2 protein chains.
Amino acid sequence: MEDIEAEDRLLDAAETLFYGHGVQAVGMDRIRAASGVSLKRLYQCFASKEELVEAYLRRRDRRWRGALAAHVAAVPSAAVRPLAVFDWLEAWFGEPDFRGCAFINAFGEMGAGSAAVAEAARDHKAEVRGYLLGLVRAAGATDPEPLADQLALVVDGAITTAAVTGAPEAAARARDAAAVLLAAAGVTGVNTEGREKTRGKRSRATG
Amino acid sequence: MEDIEAEDRLLDAAETLFYGHGVQAVGMDRIRAASGVSLKRLYQCFASKEELVEAYLRRRDRRWRGALAAHVAAVPSAAVRPLAVFDWLEAWFGEPDFRGCAFINAFGEMGAGSAAVAEAARDHKAEVRGYLLGLVRAAGATDPEPLADQLALVVDGAITTAAVTGAPEAAARARDAAAVLLAAAGVTGVNTEGREKTRGKRSRATG
DNA sequence: ACATCGGGAGAACGCACGTTCTCTCGATGC
DNA sequence: GCATCGAGAGAACGTGCGTTCTCCCGATGT
C-alpha cells in the first residue's frame, strides 16, 4: 500500500519536472531526488522512463479535464458555458508555471519516437473535443459537430499563443472568437460584450 | 565562398533532422553525417549547437512565411486572400514530413532553457500575426487588430491539431471558422460555402 | 624539391543519461 | 539471539552527447 504513495510521489515529481523543463531534459535521477523515492522502487513502479512519461500524461489529462469541467459546471447558463472554458484558460495562463500544453509539448519533443506519447496526446485532444461537443450541444447549437471542431482549434491556438508570447490575454481573444462562432451557430443568449456573466469567483486552475 | 555552401548544407541537414526528430534527439554528429561537412568546419560556421538551432529557426521562418505569402499573393481578390492562408495550410499538412510547427515544437522542448529559441519562436509568431493583419486590413475589415489576433489563434490551432491527430482536414475546419470571423468583422465578398474560389492551382508548400 | 598551411577524418574528453547491480542495514519470524 | 528478507543508497555500466584535439595529406609559393 506504500506502493501507491510512492507512485503518487513519483507522478507528482514527474509532472512538475517534465512539464516544467521538458521530458528529455529531465533525467530519472532528478525524479528520484525530487520524489524521495529510491531508484529501485522507481523501476518497480514504472519499468522504464517511457512508461513513467505515459503515466504522467494520462494522469495529467484526467486532472486537467476535471479542473476545467468543474469550473464550467459552476456556470448556471448552458448557453454561456462554452465561453466559460476560456475564462478558465485565462486563469491557467496566468499561473507562474504555465508552459503551454503538456501534450503538444511532449508530442513535439518525441511524437515521432514514442508511440505511447503520440497516442496519449491524440487521446487527450479527442477527449477535449468530445467535452466541447457536449457543451455546444447542450447550448443548443445547430450542427454542433463542426462547431466543436472550431472551438477545439481556438482552444489549442490560445494555449500555444499564450505559451509562446507569455501573454494570458490570448484567452480573451480566443473568447471573443468563440463568441462569434457560437452566435453564428445559433447559440442565443450570448452577447459578445457580456463577459461579466461568466467572470467572478474563479476556481483555481490545476496547471 | 565554399563557406556559404557549407552553411547551406548544414542548415539543410539541420532543418530536416531537427524538424523531423526534435532538437534534443539529434546530435551534432548526425548533422555532420547528413551534411557531409566536417565537424571542424561545422564549428567554424556555428560556434555551438544552440547557434545552429537558432539559425535553423530563423531561416525556416523566412522560408515558411515566404512560401505562404507567395501562395496567398496569387489569389486575385483581397477579400478572400485571408482564407487562402488555410488552403496553403491544408497542402502543408498533407506533406509526408509534416510534423507541426517547428517553433512551437522547439519552444516546447527548450523554451525554458534557451532564450534564443524562445525569442525566435516569439518573433515568428509576431511576424505571422503582422502578416495576417495586413491581409485583413486589405480585405476591408472593421477593427482589423483583434481579427488578426483571432485568425492567428485559428492558424496555430489548426497546425497543432493537424500535427497531433495527423488529419489535414483540420485546415478545412479552421477555414470555416475563419470565414465566420471574417464575415463578423465586415469583410464582404466571402460566402462561407464558396470554397472553390481559392482552390485550384496550389503551389507546393515548403514544409 | 621542399617548407608551410588549411582542412578533413575521426579519436579523445568529460559528462550525463537510462538502467542494473552491490552493499548494507533494520525489521521480522522462530 | 539469530537467520532471513526487503528495501534504501548509490556505485557501476554502457552509451551517446557537445566539444576539442591530433594526425595526416594535398595544395600552394618559391
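For clarity, every value in this text was computed on a predicted model and none was experimentally measured. Chain identifiers are assigned alphabetically (A, B, ...) following the order of the sequence lines, protein sequences preceding nucleic acid strands; residue numbering begins at 1 within each chain.
- The list of side-chain hydrogen bond (donor to acceptor under 3.5 Å, both in side chains) pairs with a residue in residues 102-118 of chain B, not counting sequence neighbours, reads Glu50(B)-Ser114(B).
- Sorted by first and then second residue, the side-chain hydrogen bond (donor to acceptor under 3.5 Å, both in side chains) pairs with a member in residues 27-36 of chain B read His21(B)-Arg30(B), Asp29(B)-Arg32(B); sequence neighbours excluded.
- Between the CD1 atom of Ile31(B) and the P atom of dG16(D) there is a distance of 17 Å, given to the nearest Å.
- Remark on DNA chain C: of its neighbouring residues Arg30(A) and Val37(B), the 5'-side contact belongs to Val37(B), judged by nearest-heavy-atom nucleotide.
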Mark up nucleotides 18-23 of chain D, 5' to 3', with B wherever a protein heavy atom is under 4.0 angstrom from a base atom, S wherever such an atom reaches only the sugar-phosphate, and - elsewhere. SBB---
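- Leu52(B) has its CG atom 15 Å from the C1' atom of dC17(D), to the nearest Å.
- Across the protein-nucleic acid pair, Arg32(A) atom CZ and dG18(C) atom P stand 12 Å apart, rounded to whole Å.
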Apply side-chain contact (heavy atoms from CB on, under 4.5 Å) to His124(A) and Leu57(A), showing your working. CA-CA 9 Å; His124(A) 170 72; Leu57(A) 290 175; over 6 Å; no
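- Applying the salt bridge (charged side-chain N to carboxylate O under 4.0 Å, His left out) test to pairs two or more places apart or on separate chains, those with a residue in residues 152-172 of chain B are Lys125(B)-Asp156(B).
- Remark: C1' of dG18(C) and CD of Glu51(A) are 14 Å apart, rounded to the nearest angstrom.
- Sequence neighbours left out, not one pair with a member in residues 131-140 of chain B passes side-chain hydrogen bond (donor to acceptor under 3.5 Å, both in side chains).
- Partners of Phe98(B) according to the ring pair (Phe, Tyr, Trp, His ring centres under 6.0 Å) rule, which considers only residues two or more places apart in sequence or in another chain, are Trp92(B), Phe93(B).
- Straight-line distance from the CZ atom of Arg41(A) to the P atom of dC21(C): 20 Å, rounded to whole Å.
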